Visitor: 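Mind having a look at this structure? Questions to follow.
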Protein chains: 2
Amino acid sequence: MKADQIIRALSALAQEHRLAAYRLLVQAGESGIPAGALAEQLDVPPSSMSFHLAQLANAGLVTQRRESRSIIYSADYAAMNGVMGYLTENCCGGVPCGDSTACLPDPQRKSA
Amino acid sequence: MKADQIIRALSALAQEHRLAAYRLLVQAGESGIPAGALAEQLDVPPSSMSFHLAQLANAGLVTQRRESRSIIYSADYAAMNGVMGYLTENCCGGVPCGDSTACLPDPQRKSA
DNA sequence: TCTATATTTCGATAATTGTCGAAGTATTGG
DNA sequence: CCAATACTTCGACAATTATCGAAATATAGA
């Protein structure tokens, strides 16, 4: 994963509403949350929420799927793990350290 | 750790030069790297580097100490772990998942 | 097809962030 | 005390990002 991609992900998370939205999505798991519900819960106008969700999607941190009239967003755990892996890379001068950030969607987790 | 603090940390890392500097510091470990050396390695003017290092310090991601005429910066591993913990919190809808991001300075790591 | 719902795109404006030279502040050695 | 070194702070300007109403797009149901 290259630096530019990581920076986009970090920028995406470095904003009040997006960080809050992302965390809700992370906790919601695979079922995800529709854009409108996120806007309501975070008390942000729909157009603003849409802007923020687009940033998260562009960063690869969330995926979207249409379901009837709603667009459901869900967190992409692999992307999050990628970012954290990048930050911890060579974290102790090359010496291996308890560096095993792994997080998979609820239903189908690997046996870590 | 509260959201505002996390946002400052993520903002600090979400910038080309700061991400690069931070990674150098992470790899350098406790000995750290003087401001000037970072500026030179990253090909950034001293005043710009200073600005960026101040951001990282303000976010609590790095610490600084004076050593003669130089100011040595080093990564604060605990802060990094705090940020990652925040991101993975309740990451699978409350179900525990391989969520053990830990990273300690080279010389004195815990037996994880 | 017409209307209501759900969301996005557009566009204009406000706010924040990045850049870097010049000047200022520590520290050391002569 | 003076000059050199290592950094930081200041200040001005450029660039990017956030906000949100209005208009556009997609879907579903009557």
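For clarity, every value in this text was computed on a predicted model and none was experimentally measured. No hydrogens, no waters, no symmetry mates; every other heavy atom, side chains included, goes into these values. A, B, ... follow the sequence lines: proteins, then strands. Residue 1 opens every chain.
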Visitor: State, to 0.1 Å, how close B:A21 and B:M49 come at their nearest heavy-atom pair, and which atoms those are.
Guide: CB-CE, 3.9 Å
Visitor: Please list, in 5' to 3' order, the outermost nucleotides of DNA chain D lying under 4.0 Å from any heavy atom of chain B.
Guide: D:dA4 to D:dT9
Visitor: Could you tell me the separation between the CD1 atom of B:I7 and the C1' atom of C:dT17, rounded to a whole number of Å?
Guide: 16 Å
Visitor: Knowing that exactly one of B:L56, B:L53, B:L61, B:I33 qualifies, which makes a side-chain contact (heavy atoms from CB on, under 4.5 Å) with B:Y73?
Guide: B:L53
Visitor: What heavy-atom pair brings A:A59 and A:Q5 nearest, and what distance separates the two atoms?
Guide: O-NE2, 3.0 Å
Visitor: Let me test you: for the helix from C:dT1-D:dA30 to C:dG30-D:dC1, what is the angle between the axes at its two ends (five pairs each), rounded to 10 degrees?
Guide: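 Axis-to-axis angle, ends of the helix: 20°.
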Visitor: Does any pair with a residue in residues 45-67 of chain A pass salt bridge (charged side-chain N to carboxylate O under 4.0 Å, His left out), and if so which ones, sequence neighbours excluded?
Guide: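 Of all non-adjacent pairs touching residues 45-67 of chain A, those that pass salt bridge (charged side-chain N to carboxylate O under 4.0 Å, His left out) are A:R65-A:E67.
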Visitor: Can you name the nearest heavy-atom pair linking A:A28 to A:S31, along with the distance?
Guide: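 Here A:A28 and A:S31 meet closest at O-OG, 3.2 Å.
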Visitor: CG of B:D76 to CE of B:M80: how many Å apart, nearest 0.5 Å?
Guide: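 With rounding to 0.5 Å, CG (B:D76) is 9.5 Å from CE (B:M80).
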Visitor: Using heavy atoms and a sub-4.0 Å distance, could you list which residues of residues 13-21 of chain B are near DNA chain D? By number, please.
Guide: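 None - not one residue of the stretch has a heavy atom sitting under 4.0 Å from the strand.
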Visitor: Can you give me every donor-acceptor pair (side chain of residues 9-20 of chain A, partner residue at least two apart or in another chain, under 3.5 Å) with its distance?
Guide:
from	atom 1	to	atom 2	distance (Å)
A:S11	OG	A:I7	O	2.8
A:Q15	OE1	A:H17	N	2.8
A:Q15	OE1	A:R18	N	3.2
A:R18	NE	A:A12	O	2.6
A:R18	NH1	A:H52	ND1	2.9
A:R18	NH2	A:S11	O	3.2

Visitor: Flag yes if more than 12 heavy atoms outside A:E40 fall under 6.0 Å of its CD atom; otherwise flag no.
Guide: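 Check fails, neighbour count at 12 or below.
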Visitor: Just verifying a value: how many Å separate B:Y86 OH and A:R23 CZ, rounded to the nearest 0.5 Å?
Guide: 3.5 Å
Visitor: To the nearest 0.5 Å, what is the distance between CG on A:L87 and CG on B:L87?
Guide: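 One gets 9.0 Å once the value is rounded to the nearest 0.5 Å.
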Visitor: CG of B:L10 versus C1' of C:dT16: gap in Å, rounded?
Guide: 17 Å
Visitor: A side-chain contact here means heavy atoms from C-beta on lying under 4.5 Å apart; do A:S48 and A:P45 qualify?
Guide: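 The answer is yes; the side chains approach within 4.5 Å.
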Visitor: Are any of the side-chain heavy atoms of B:L42 and B:L24 separated by less than 4.5 Å?
Guide: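 The answer is yes; the side chains approach within 4.5 Å.
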Visitor: How long is the gap from CD1 on A:I72 to CG on A:L25, to the nearest 0.5 Å?
Guide: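 One finds 10.5 Å between CD1 of A:I72 and CG of A:L25.
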Visitor: If the sugar-phosphate is the primed atoms plus P, OP1 and OP2 and the base is the rest, what is the B/S/- string for nucleotides 1-15 of chain C, using protein heavy atoms under 4.0 Å?
Guide: ---BBSSBB------
